[in-house]
Amino acid sequence: MSGNRIETYEDFVRVHGLLLAASGLPQSLHRQLFQKLVTETFDGGSHFQIELCEEGRQRRLVLTSESMPKESNVFLVDHAWTFRLSDAWKQLQEVPGLAQRMASLMCVDADFNTEELDAVNGVLHENGHKSNVEDILESEICNAIEKDDGTVRWLELDEVDIDDDMLLLLNLSSKFPDLQALSLCGNKLEKMEIILQEVTKFKNLRALWLNNNPGLKKCEHHMKDAILQECPRLEIYNSSFTSNFGEWALGFCGEVYVKDNPRSLHQSERTLQNVTSLDLSNRHINTLVNKSFSPAEMPSLSHLNIRGNPLEQNSAHELLEVLKGFPCLQSLEVDIPGPLGESAIEILESLPHLSTLNGVSSSKILEDGKHVIDSMLQPHLPEWTADQSLADRVLSVMWLYLMMYRLANDEKIDETSVWYVMDELGSALRHSDEPNFRVAPFLFMPEGKISSAVSFSILWPIQNIYESDECTRDFLFGIGEDKQRSARLTAWFHTPQNFFIKEYEKYHQKLQLKNFTYIPAQSSTTKPLHRSDGCALRIYTDIPQVEEFLTRPEFVITKEPKDADIIWTSLQVDEEMKKATGITDQQYVNQYPFESCIVMKHHLAETIQKAHGSPDWLQPTYNLETHLSQLIGDYYVRERDGLNNLWILKPWNMARTIDTTVTDELSAIIRLMETGPKICQKYIENTALFQGRKFDLRYIVLVRSMDPLEIFLSEVFWVRLANNPYTLEKHSFFEYETHFTVMNYGRRMNHMNTPDFVREFEAEHEVKWLDIHQRIRCIIRSVFESAAVTHPEMHSSKSRAMYGVDIMLDSSFQPKLLEVTYCPDCTRACKYDTKSIATGEVVKGQDFFNYVFGCLFLNETDHVSPL
């Protein structure tokens with residue numbers, strides 16, 4: 001190495017040896033990688049071509065070389081966008097051209113023409129204008145006359161800025177009384193009563209599209225019910241089949257009825273005779289038992305797609321009997337597991353005339369009983385609305401493209417993950433369970449240290465491939481079913497919703513069966529400590545606040561752990577530590593065995609669920625490492641029922657909200673598993689506010705004994721306030737100081753005296769704090785009762801401990817448990833004098849540990865109350 005700069009292959013291997021091993025790149029390609037890195041050679045364009053697919057909503061990568069043998073080449077892939085998650089929105093707003101490039105790469109810019117893109121960049125064209133509604137209507141009438149029919153039956157007025165007033169002025173029902181299909185998507189209709197008044201005048205209406213109008217966001221379910229009541233012939237509403245669906249809806253999906261050939265009111269009903277292919281996917285169909293969906297009406301049907309429909313009103317047996325009757329049915333697409341059964345083999349055994357199932361040869365599936373169903377899944381394609389900015393579109397679909405790594409130095413791993421999007425070539429690699437390429441992130445350190453690192457991805461063939469072959473990678477490389485592979489594929493593919501909903505329902509029913517009753521142990525109260533020689537109790541501590549502020553004469557600090565009566569430490573006292581320090585089982589320690597059952601977030605939820613099932617004071621909580629399927633099912637049920645679907649993801653065992661994310665995107669929830677083990681908890685979106693800001697409460701709990709249970713609550717709690725006013729505006733989810741209350745890393749922290757907060761909170765909300773406080777006390781007691789019953793191994797006569805319990809209030813002022821933390825130092829308590837909420841007496845922060853040690857070891861109860 002010349003200075004610190006890498007110049008030879010040997011230097012490269014010495015510095016990057018661990019990174020090379022971690023990447024999985026074959027050793028035979030290491031020298032080639034080195035040469036391309038030092039010369040910055042990006043030669044993928046000479047071997048690959050990017051093509052549009054899925055009607056322009058995805059890209060794929062195709063080999064243009066004659067062939068490429070396995071492990072014969074390695075390619076550098078640049079990173080088009082690298083960011084911390086909290087910075088994503090800001091960068092898309094502020095970095096010139098970034099949103100445009102990402103939108104193009106992710107195929108969400110199709111409707112942004114040159115004028116619109118110029119407008120985004122601040123260049124407005126003087127001759128830009130929108131289509132005139134009257135011109136469209138005149139054109140439709142002319143087209144009808146030219147067909148010698150004279151009747152307009154199909155009208156599309158999408159994205160032409162029709163508002164409520166204009167809809168009234170247009171008086172469409174008088175101009176087009178025989179209308180059967182009407183689309184008003186992407187307009188500015190807001191008032192439900194006006195929309196209802198106008199569209200329900202069309203008594204022959206068979207299809208109505210009102211998608212992406214602001215009025216529907218507020219009352220979509222009410223709107224649908226009211227329209228169906230007045231329009232009984234309506235078969236399609238916002239792309240979904242209604243319960244009235246029949247020949248018209250099936251004809252529309254079978255491309256019999258299209259805009260240029262709408263059905264005449266006097267047309268024969270038997271118009272489905274020649275339908276050979278029928279796509280009914282994602283139509284929200286609840287039942288297929290229908291007189292129009294029958295072999296008699298569609299004798300020529302050979303291909304049928306029923307993916308993405310609940311079909312909850314039909315049994316699998318009933319549906320299979322209907323499908324058996326279609327004499328020409330050769331190809332079927334359906335969710336598996338799903339409404340027809342749990343496996344592809346079950347379906348094929350019931351429908352032996354099928355030649356393909358979900359695009360896979362029936363013979364191949366029957367030959368290989370373990371054929372991976374993942375290959376049958378349909379991809380999530382990007383979706384957006386006309387009024388979304390490019391930045392918003394990118395935020396909503398980026399989880400289909402993101403990859404992640406974490407930096408580390410000699411001391412520790414970085415707490416915040418780095419997300420990135422590969423360039424156009426890398427992002428065009430689609431998923432396959434049997435991929436022919438592999439991709440891995442790689443940090444090149446040209447100066448031999450992390451500060452000089454430049455991130456790339458490296459791409460190499462793992463199979464022999466040939467010209468025109470699609471190049472693919474495994475999005476979940478190394479992740480099998482033991483790590484919930486099929487469920488995790490939901491981030492990219494349409495997986496069977498019914499399966500996940502059933503898993504959730506089984507899990508939810510199991511929780512509902514829990515019936516916990518705590519029976520206190522009949523035992524004497526824990527005795528106070530004292531030495532037989534009458535001397536002060538000797539304490540060893542590694543916590544400066546204890547050493548500085550514990551001033552009671554009953555205690556004295558010792559520097560040697562083996563000489564202490566009490567070990568008060570921030571470290572885990574395990575067998576290794578005992579051996580290293582000489583600590584014995586006869587000394588008292590400030591932690592309980594197996595206390596991880598309450599201080600680690602996933603174990604805390606499990607402990608409570610084992611005891612109480614799903615109490616109203618614990619938000620629905622899932623350990624993503626074990627219950628991802630159940631979480632997905634819960635998400636789908638909430639989506640189906642129109643409920644709020646905002647969730648918070650928390651690492652199992654990190655403090656200060658590190659790696660914690662708020663999101664309503666299911667793909668984001670699943671992808672965020674990649675940054676480490678997490679729980680996913682229903683976000684308290686309707687939280688109580690204090691002066692417009694979110695807050696939570698930290699309580700200090702002292703535990704003398706787990707059996708019998710002796711716990712005490714400090715009379716003083718700490719209010720932790722967010723710095724920004726609370727909002728559920730979607731961009732705010734990236735703002736730490738709006739949605740989080742633990743201010744760290746130099747952020748401004750607001751401290752408020754407990755009685756002052758109580759007084760002002762009561763005045764603001766007209767509530768009695770003592771009522772709230774009593775409910776909080778009951779919850780805290782329930783937490784430790786749950787631990788005592790479900791984890792009797794926690795009991796130790798030589799343990800005493802202090803824990804922090806975090807509580808949040810919802811808008812009805814009902815307390816919700818957030819977490820329990822191991823709290824040996826409580827640094828914040830030492831910093832502030834405050835007042836007891838019960839007595840009004842000043843509690844000096846510097847006396848805090850005198851009260852703690854007095855309660856735990858001398859059985860005193862100054863400034864604490866038993867729970």
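For this chain, numbers begin at 1 and follow the sequence in order.
Between N238 and S240, the side chains place no donor N or O within less than 3.5 Å of an acceptor N or O (distance only, hydrogens not considered). In this structure, a donor-acceptor pair under 3.5 Å is absent between the side chains of E235 and T242. S786 and H612 share a donor-acceptor pair across their side chains, judged by distance under 3.5 Å alone. In the model, E625 has no side-chain atom that pairs as donor or acceptor with a side-chain atom of Q484 under 3.5 Å. Side-chain contact of T675 with S417: a donor-acceptor pair under 3.5 Å is absent, judged by distance alone. Residues N212 and T385 have side chains that never bring a donor and an acceptor to within less than 3.5 angstrom of each other. In summary, the side chains of E481 and S486 do present a donor paired with an acceptor at a separation below 3.5 Å, with no hydrogens or angles considered. Side-chain contact annotation: H731 with D392, donor-acceptor N/O pair under 3.5 Å present.
Under the salt bridge (Lys or Arg N to Asp or Glu O under 4.0 Å) criterion, R488 pairs with no residue at all, not counting sequence neighbours. Remark: S629 engages no residue in a side-chain hydrogen bond (donor to acceptor under 3.5 Å, both in side chains) (not counting sequence neighbours). S281 pairs by the side chain to side chain contact (heavy atoms under 4.5 Å, CB included) definition with D279, N305, R307, not counting sequence neighbours. Residues meeting the side-chain hydrogen bond (donor to acceptor under 3.5 Å, both in side chains) test with Q512, sequence neighbours left out: none. A search for side chain to side chain contact (heavy atoms under 4.5 Å, CB included) contacts involving Q91 returns W81, F83, D87, V95, L98, not counting sequence neighbours. Every residue meeting the salt bridge (Lys or Arg N to Asp or Glu O under 4.0 Å) condition with K610, not counting sequence neighbours, appears here in chain and number order: E606. Scanning for salt bridge (Lys or Arg N to Asp or Glu O under 4.0 Å) contacts around K650 gives an empty result, with sequence neighbours left out. For L381, the side chain to side chain contact (heavy atoms under 4.5 Å, CB included) partners two or more places apart in sequence, or in a different chain, are E54, R57, Q58, P379. Residues satisfying the salt bridge (Lys or Arg N to Asp or Glu O under 4.0 Å) test with D164, not counting sequence neighbours, are none. Every residue two or more places apart in sequence or in another chain was checked for a side-chain hydrogen bond (donor to acceptor under 3.5 Å, both in side chains) with Q774, and none qualifies.
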Run the side chain to side chain contact (heavy atoms under 4.5 Å, CB included) check on F813 and H765 step by step: do they pass? CA-CA 9 Å; F813 312 110; H765 296 288; 3.6 Å; yes
Show, in sequence, the C-alpha distance, side-chain angles and deciding distance for Y822 and I598, and conclude whether the side chain to side chain contact (heavy atoms under 4.5 Å, CB included) test is met. CA-CA 9 Å; Y822 176 54; I598 55 173; over 6 Å; no
Full working for side chain to side chain contact (heavy atoms under 4.5 Å, CB included) between I679 and Y622: CA-CA 5 Å; I679 63 166; Y622 299 89; over 6 Å; no
Passes side chain to side chain contact (heavy atoms under 4.5 Å, CB included), F757 versus F717? Steps please. CA-CA 10 Å; F757 166 79; F717 61 82; 4.2 Å; yes
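The CE atom of M808 sits 5.5 Å away from the CD1 atom of I684 when rounded to the nearest 0.5 Å. Taken to the nearest 0.5 Å, the CD1 atom of I195 stands 6.0 Å off from the CG atom of N213. Between N644 atom CG and N686 atom CG the span is 8.0 Å, to the nearest 0.5 Å. Atom CD1 of I807 and atom NE2 of H773 lie 11.0 Å apart (nearest 0.5 Å). Interatomic distance, CD of E639 versus CG of D664, reported as 10.0 Å (0.5 Å rounding). For the atom pair OG of S243 and OH of Y237, the computed distance is 13.5 Å after rounding to the nearest 0.5 Å.
Comment: E665 engages K730 in a salt bridge, judged by a side-chain N to carboxylate O separation of less than 4.0 angstrom. Using a cutoff of 4.0 Å between basic side-chain nitrogens and carboxylate oxygens, K502 and E505 are not scored as salt-bridged.
Looking at W419 and R671, their side chains come closer than 4.5 Å, going by heavy atoms from C-beta outward. Using a 4.5 Å cut-off on side-chain heavy atoms (C-beta onward), K816 and L809 make no contact. L666 has its side chain within reach of T490: a pair of non-hydrogen atoms, C-beta onward, lies under 4.5 Å apart. Inter-residue side-chain proximity for I227 and L234 is flagged as met; some heavy-atom pair is nearer than 4.5 Å. Between W492 and L476 there is a side-chain heavy-atom pair separated by less than 4.5 Å. No side-chain heavy atom of D634 sits less than 4.5 Å from a side-chain heavy atom of Y507. At least one side-chain heavy atom of L649 sits less than 4.5 Å from a side-chain heavy atom of L624.
Checked against a 6.0 Å centroid threshold, the rings of Y504 and Y636 do not count as neighbours. Under the 6.0 Å cut-off for aromatic ring centres, W652 and H602 qualify, their centroids lying closer than that.
Under the 3.5 Å distance criterion, the side-chain polar atoms of S811 are left unmatched by any main-chain donor or acceptor of A688. A donor-acceptor contact shorter than 3.5 Å is absent between the side chain of K601 and the backbone of V599. No donor-acceptor pair closer than 3.5 Å links the side chain of H494 to the backbone N or O of Q378. Looking at N187, its side chain does come within 3.5 Å of a backbone N or O of L157 through a donor-acceptor pair.
Sorted by first and then second residue, the pairs that involve residues 679-690 and meet salt bridge (charged side-chain N to carboxylate O under 4.0 Å, His left out), not counting sequence neighbours, are K682-E685. The salt bridge (charged side-chain N to carboxylate O under 4.0 Å, His left out) analysis of residues 764-781, with sequence neighbours excluded, yields the pairs R781-E785.
What you find for L167 and I162 is that their closest heavy atoms are N-CG2, 3.9 Å. Minimum interatomic distance between R393 and V108 (heavy atoms only, all atoms of both residues): NH1-O, 2.9 Å. Nearest heavy-atom pair, V394 versus M106, reported as atom, atom and distance to 0.1 Å: CG1-SD, 3.9 Å. Taking each heavy atom of C231 and T200 in turn, the nearest pair found is SG-CA, 3.7 Å. Heavy atoms only, all atoms of each residue included: I772 and V767 are closest at CD1-CG2, 4.1 Å. For W647 against P620, the heavy-atom pair with the smallest separation is CZ3-O, 4.0 Å.
Counting heavy atoms of neighbouring residues, nucleotides and ligands inside a 6.0 Å radius, atom CD of Q229 does not exceed 12 of them.
Ring-plane geometry between F761 and W769 is classed as perpendicular, the angle between the planes exceeding 60 degrees on a 0 to 90 degree scale with a lower cut at 30. Classified by interplanar angle (parallel below 30°, tilted 30° to 60°, perpendicular above 60°), the ring pair F245/F241 is tilted.
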